[in-house]
Amino acid sequence: MNFKIRRSPQTLLVMAEFLQCEREWRYGYDISRNTGLKSGTLYPILMRLAEHRLLETSWETTTEGRPPRHMYRLTEDGLRYARTQVAAEPVAWMGEPAFGVDGL
Amino acid sequence: MRRASRSAREWAEGLAREVEFVEGDWLALGWALGSVRVLFRNPPMPLRNAAEVARAGRLFAGSREHTYPIVFLTMALQALTYGLRAILPTGRIGHLGRAGFAIAAVSAAYTAVVGWMDSCMRERPEDMDDGAWIEFYRREMMRLRDLYAGKISAEG
């Protein structure tokens, strides 16, 4: 796998977060809370992963008239890539969680 | 969100939906402000086949046609503004500073003219000829690579 993705600590953090529950769809805000990354940092990373087909996106189907949410999960390629990258580099905690969530 | 680039629109919509789940007004404001950066992001155009490369070549040629005149006009206006202000009564440092800005703007305007003339002189392929557009794009990319690597001058 030879993807031209900048392997920044933030990208590793996002990939590590996805690896917490590999096949589950995740919301942007939840990833942001858990990683401590703000929207302006997180979303460009998600977009870059999606451009390389490492991440797939979907719209949540809702029944209660609530607007659907955008969801993300790693593709098979993405999972393989994330596992190798995260294993190669220890993921450092970025600091305070974004949006003031305690106990994470 | 209406201003988001086409490629970022889905993401912009996703970001906007998430705001409703952010706890607290200030935090929601922080989320929204962070989103602005995402809205105007234009990822590189995918080049999966020959037709897409040819299309990228056409867009590249088109963008250069407009960029140089805009840069020239902006710089000429700036040179005029600073040039006129340099004449107005002020201290010596003020005169020097404004004159310096005017000279820099004239120089940038000159570079824009050279670039524009250069791009006009380059032969553009026939519109329907995808192969020629691919070759044109390849040549231009290599020229830019050499230019940024300092191997050729802007005129070269």
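A note on names: the letters A, B, ... follow the listed sequences, proteins ahead of strands, and every chain is numbered from 1.
Contact of A:Thr41 with chain B is made through backbone and side chain together, with heavy-atom distances under 4.5 Å.
Between the side chains of A:Tyr29 and B:Glu23, a donor-acceptor pair is found at a separation under 3.5 Å.
By the criterion of side-chain heavy atoms lying less than 4.5 angstrom apart, applied directly or through intervening Ile, Leu, Val, Met, Phe, Trp or Tyr residues, B:Val106 is not grouped with B:Val71; the two fall into different hydrophobic clusters. Following chains of ILVMFWY side-chain contacts shorter than 4.5 Å, one cannot reach B:Phe101 starting from B:Phe72, and the two form parts of different hydrophobic clusters.
Taking each heavy atom of A:Ser39 and B:Trp31 in turn, the nearest pair found is OG-O, 2.9 Å.
Using cut-offs of 30° and 60° on the angle between ring planes, the pair A:His70 and B:Trp11 is perpendicular.
Qualifying ring pair (Phe, Tyr, Trp, His ring centres under 6.0 Å) partners for A:Tyr27, counting only residues two or more places apart in sequence or in other chains: none. The salt bridge (Lys or Arg N to Asp or Glu O under 4.0 Å) test applied to A:Glu56 returns A:Arg23, A:Arg73, not counting sequence neighbours.
Remark: side-chain polar atoms of B:Arg17 are paired, donor with acceptor, to backbone N or O of A:Pro68 under 3.5 angstrom.
Atom CZ of B:Phe60 sits in a crowded spot, with more than 12 heavy atoms from other residues, nucleotides or ligands closer than 6.0 Å.
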